Amino acid sequence: MNETPSGTRSTHCFGVVIVCVACLFLQGCSRSDSEPPPDLLKAQREALQKAKATDQAVQDAAERQRQQVESQQK
């Protein structure tokens, strides 16, 4: 008869169980909602843009003041 040792059968069953558990674990980890991930750097980008705009405004004001001083000295 075709008898298989019990160790081979239990090893095969154990392998099948491991594969099933791995598949379930991977499915559970996948993102199921269609909502995009949050933009973690959005606040930093906005602050940087605001700082650049403020810096440009300060530079423009300094340039105007320098031009006024130069025009008064002439």
Side-chain angles (χ1 to χ4, degrees):
M1 297 208 157
N2 285 337
E3 292 185 21
T4 59
S6 62
T8 305
R9 187 178 312 139
S10 65
T11 304
H12 177 72
C13 289
F14 183 71
V16 170
V17 168
I18 293 296
V19 169
C20 289
V21 168
C23 289
L24 291 173
F25 178 72
L26 291 175
Q27 274 187 331
C29 290
S30 68
R31 199 173 245 282
S32 61
D33 55 359
S34 61
E35 187 177 308
D39 190 2
L40 301 176
L41 301 177
K42 183 178 180 180
Q44 286 86 351
R45 275 196 302 271
E46 290 173 353
L48 180 61
Q49 289 174 350
K50 186 176 179 180
K52 285 181 181 179
T54 303
D55 185 46
Q56 186 63 42
V58 169
Q59 288 178 1
D60 291 344
E63 180 66 25
R64 282 193 303 272
Q65 185 177 16
R66 185 183 61 77
Q67 288 174 353
Q68 286 177 351
V69 169
E70 287 178 356
S71 66
Q72 289 176 357
Q73 290 176 351
K74 291 183 179 182

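In this text the structure is predicted, and so the values were computed from the model without any measurement. Worth knowing before you read on, the calculation uses all heavy atoms, side chains too, and leaves out hydrogens, waters and symmetry mates.
Q72 and Q68 are not linked by any side-chain donor-acceptor pair at a separation below 3.5 angstrom, with hydrogens and angles left out of the test.
Shown here are the side-chain hydrogen bond (donor to acceptor under 3.5 Å, both in side chains) partners of Q56, two or more places apart in sequence or in another chain: D60. For Q73, there are no side-chain hydrogen bond (donor to acceptor under 3.5 Å, both in side chains) partners two or more places apart in sequence or in a different chain.
Taking Ile, Leu, Val, Met, Phe, Trp and Tyr as members and joining any whose side-chain heavy atoms lie under 4.5 Å apart, directly or through other members, the hydrophobic cluster of V21 also contains V17.
For Q65, the CD atom is loosely surrounded, since the number of other residues' heavy atoms within 6.0 Å does not exceed 12.
Here the NZ-CZ distance, from K42 to R45, works out to 8.5 Å after rounding to the nearest 0.5 Å.
Salt-bridge formation is not detected for the pair K50/E46: no Lys NZ or Arg NE/NH1/NH2 atom is positioned less than 4.0 Å from an Asp or Glu carboxylate oxygen.
Counting heavy atoms from C-beta outward, K52 and L48 have side chains that approach closer than 4.5 Å.
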Apply side-chain hydrogen bond (donor to acceptor under 3.5 Å, both in side chains) to the pair E63 and Q59, showing each step before the final yes or no.
CA-CA 6 Å; E63 180 66 25; Q59 288 178 1; over 6 Å; no

